[in-house]
Amino acid sequence: MRILFMGTPDFAQICLQALVKAGLEVVAAVTQPDKPRGRGYQMIPPPVKVYAQAQEIPVYQPQTLRDGAFAETLEQLAPDVIVVAAYGKILPPYIIEYPRLGCINAHGSLLPKYRGAAPIQRAIMDGEQETGITIMYMNQGLDTGDMLLWEKTPIGDTDDFASIHDRLAHIAGGLLVRVLPMLESGEAVPVKQDDALATYAAKIEKADCVLDFSMNAQSLLWKIRGLSPYPLSMTRAPDGKLLKIVSATLSEGVTQQPAGTITEVSDRGFCVACGDGKQILVTGVLPEGKGRMSAADFVRGRRIQAGERLAWTI
RNA sequence: CGCGGGGUAGAGCAGUCUGGUAGCUCGUCGGGCUCAUAACCCGGAGGCCGUGAGGUUCAAAUCCCACCCCCGCAA
């Protein structure tokens with residue numbers, strides 16, 4: 001079975017790796033063009049490209065899929081199936097309709113919930129108890145195609161974006177390896193999504209990262225975890241500098257202090273008053289201009305004291 | 001040449017503007033107090049202040065020059 005893989009970031013790279021290790025025939029990988037990223041705008045290749053090249057799988061990085069050039073490439077590759085995982089471009093109909101076994105996608109949620117760009121983060125931020133991977137046929141809609149296979153995984157109190165992302169990526173790889181033979185043999189049973197239950201997981205914007213301490217402690221923790229280790233929730237330190245929160249836990253006790261007040265600093269970190277009177281213990285931070293450090297170290301550097309406030313005031 | 005922060009003891013920082021051989025919180029080691037302790041007290045070790053047998057100076061962590069490295073933002 002000739003497989004054409006399309007994907008870009010780590011998540012996709014892990015999926016591709018699963019296919020390769022399962023001995024499946026990946027004839028080529030399509031990924032986003034190298035882009036100037038990071039400090040100094042260095043050209044950084046997408047993870048999928050790095051891995052594919054190491055495996056000597058041909059890599060294509062079309063600027064656009066909407067011209068004849070890629071159509072020609074597609075003819076030459078003649079895939080039986082196209083596997084998409086976080087590719088980052090909309091596929092035109094002619095591509096979706098090309099493979100005889102179809103075009104399938106690994107999505108990071110239990111569809112029809114969390115359709116869209118940031119399903120993993122949103123699920124954690126919303127305090128969902130579980131999430132998962134859904135393998136589905138692609139169609140012209142936004143993650144609306146018929147579902148083929150799915151697997152759930154619980155979201156625990158200590159999970160964050162990194163842990164769930166990593167777990168889901170491996171689940172996705174496993175499901176893809178399972179579903180491909182099913183497509184070939186015709187065992188796969190497409191299940192329609194119930195649009196009435198659909199929700200959307202919009203891309204994470206900077207505004208989504210700002211912490212509002214008038215929210216209750218639990219919601220703040222969900223938000224912090226869903227955005228860690230990237231892009232990280234943020235607030236402003238008493239000195240007005242940006243302060244990103246890497247990790248936090250629920251602190252015992254309640255307080256009368258206004259939301260955002262630093263109620264206590266200790267060798268474990270510092271506590272912040274939340275809207276419901278509870279407090280969160282911040283344990284890891286990333287101060288503006290610095291690297292990640294434990295909140296204990298942050299406190300030791302004398303950068304914060306009890307009684308001061310965190311707020312997003314501009 | 002995208003914008004910006006920084007490299008001082010194992011960690012996080014101060015000191016740099018207003019040159020005069022280094023300080024704070026913690027860790028660590030030793031001792032003490034205590035029924036006991038991650039608590040408290042006393043004491044010690046640990047730094048060629050990123051690199052350059054650079055420049056200026058009587059004197060440089062501090063001023064000037066060059067270079068290396070790390071990080072945040074934005075994409």
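Chain letters run A, B, ... following the sequence lines, proteins first, then strands; residues in each count from 1.
Other residues, nucleotides and ligands place no more than 12 heavy atoms under 6.0 Å from the OH atom of A/Tyr230.
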If you restrict it to nitrogen or oxygen atoms, what contacts under 3.5 Å exist between nucleotides 73-75 of chain B and the protein, and what is each distance?
unit_1: B/rC73; atom_1: OP1; unit_2: A/Lys244; atom_2: NZ; d: 2.4
unit_1: B/rA74; atom_1: N1; unit_2: A/Gly38; atom_2: O; d: 3.3
unit_1: B/rA75; atom_1: N1; unit_2: A/Gly38; atom_2: N; d: 3.2

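Side-chain N or O atoms of A/Arg122 include one that pairs as donor or acceptor with a backbone N or O of A/Lys203 at under 3.5 Å.
Nucleotide B/rC3 has B/rG72 as its partner under the Watson-Crick or G-U criteria, with both atom distances under 3.5 Å. With a 3.5 Å ceiling on both atom-pair distances, the Watson-Crick or G-U wobble partner of B/rG43 is B/rC29. Pairing for B/rC67 goes to B/rG50, judged as Watson-Crick or G-U wobble with the two contacts each under 3.5 Å.
The side-chain hydrogen bond (donor to acceptor under 3.5 Å, both in side chains) test applied to A/Thr283 returns A/Ser247, not counting sequence neighbours. Every residue two or more places apart in sequence or in another chain was checked for a side-chain hydrogen bond (donor to acceptor under 3.5 Å, both in side chains) with A/Thr261, and none qualifies.
Atom-to-atom, CD of A/Glu288 to C1' of B/rG4 comes out at 8 Å; the value is rounded to the nearest Å. The distance from atom CG of A/Asp239 to atom P of B/rG12 is 18 Å, rounded to the nearest whole Å. Remark: P of B/rU28 and CG of A/Asp267 are 12 Å apart, rounded to the nearest angstrom. If you take CD of A/Gln305 and C1' of B/rC24, they are 13 Å apart, rounded to a whole angstrom.
Across the C1' atoms, B/rA14 and B/rG7 are found 15 Å apart, a figure rounded to whole Å. Rounded to a whole angstrom, the distance from the C1' atom of B/rC69 to that of B/rC29 is 32 Å. Rounded to the nearest Å, the gap between the C1' atom of B/rA9 and that of B/rG50 is 15 Å. The same atom, P, is picked in B/rC48 and in B/rC73; the two are 33 Å apart, to the nearest Å. Rounded to the nearest Å, the gap between the P atom of B/rU21 and that of B/rC26 is 26 Å.
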Side-chain atoms of residues 270-282 of chain A: list all donor-acceptor pairs with protein atoms under 3.5 Å, sequence neighbours left out, distances to 0.1 Å.
unit_1: A/Asp276; atom_1: OD1; unit_2: A/Ala217; atom_2: N; d: 3.4
unit_1: A/Asp276; atom_1: OD1; unit_2: A/Lys278; atom_2: N; d: 3.1
unit_1: A/Asp276; atom_1: OD2; unit_2: A/Ala217; atom_2: N; d: 3.3
unit_1: A/Gln279; atom_1: OE1; unit_2: A/Thr263; atom_2: OG1; d: 2.4

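Taking Ile, Leu, Val, Met, Phe, Trp and Tyr as members and joining any whose side-chain heavy atoms lie under 4.5 Å apart, directly or through other members, the hydrophobic cluster of A/Trp150 also contains A/Leu111, A/Met136, A/Met147, A/Val191. Under a 4.5 Å side-chain heavy-atom cut-off, the cluster of Ile, Leu, Val, Met, Phe, Trp and Tyr residues that includes A/Leu142 is completed by A/Tyr200.
Pairs engaging residues 48-60 of chain A under the salt bridge (Lys or Arg N to Asp or Glu O under 4.0 Å) rule: A/Asp34-A/Lys49 [sequence neighbours left out]. Identified under the side chain to side chain donor-acceptor pair (under 3.5 Å) test for residues 166-195 of chain A, with sequence neighbours left out: A/Arg100-A/Glu184, A/Arg115-A/Gln193, A/Arg115-A/Asp195, A/Thr153-A/Arg167, A/Asp159-A/Arg167, A/Ser185-A/Glu187.
Of the residues in residues 291-300 of chain A, those placing a heavy atom less than 4.0 Å from an atom of RNA chain B are A/Gly291, A/Met293, A/Asp297, A/Arg300, in numerical order.
Taking 4.0 angstrom as the limit, A/Lys290 places a side-chain polar atom (N or O) nearer than this to OP1 or OP2 of B/rC13.
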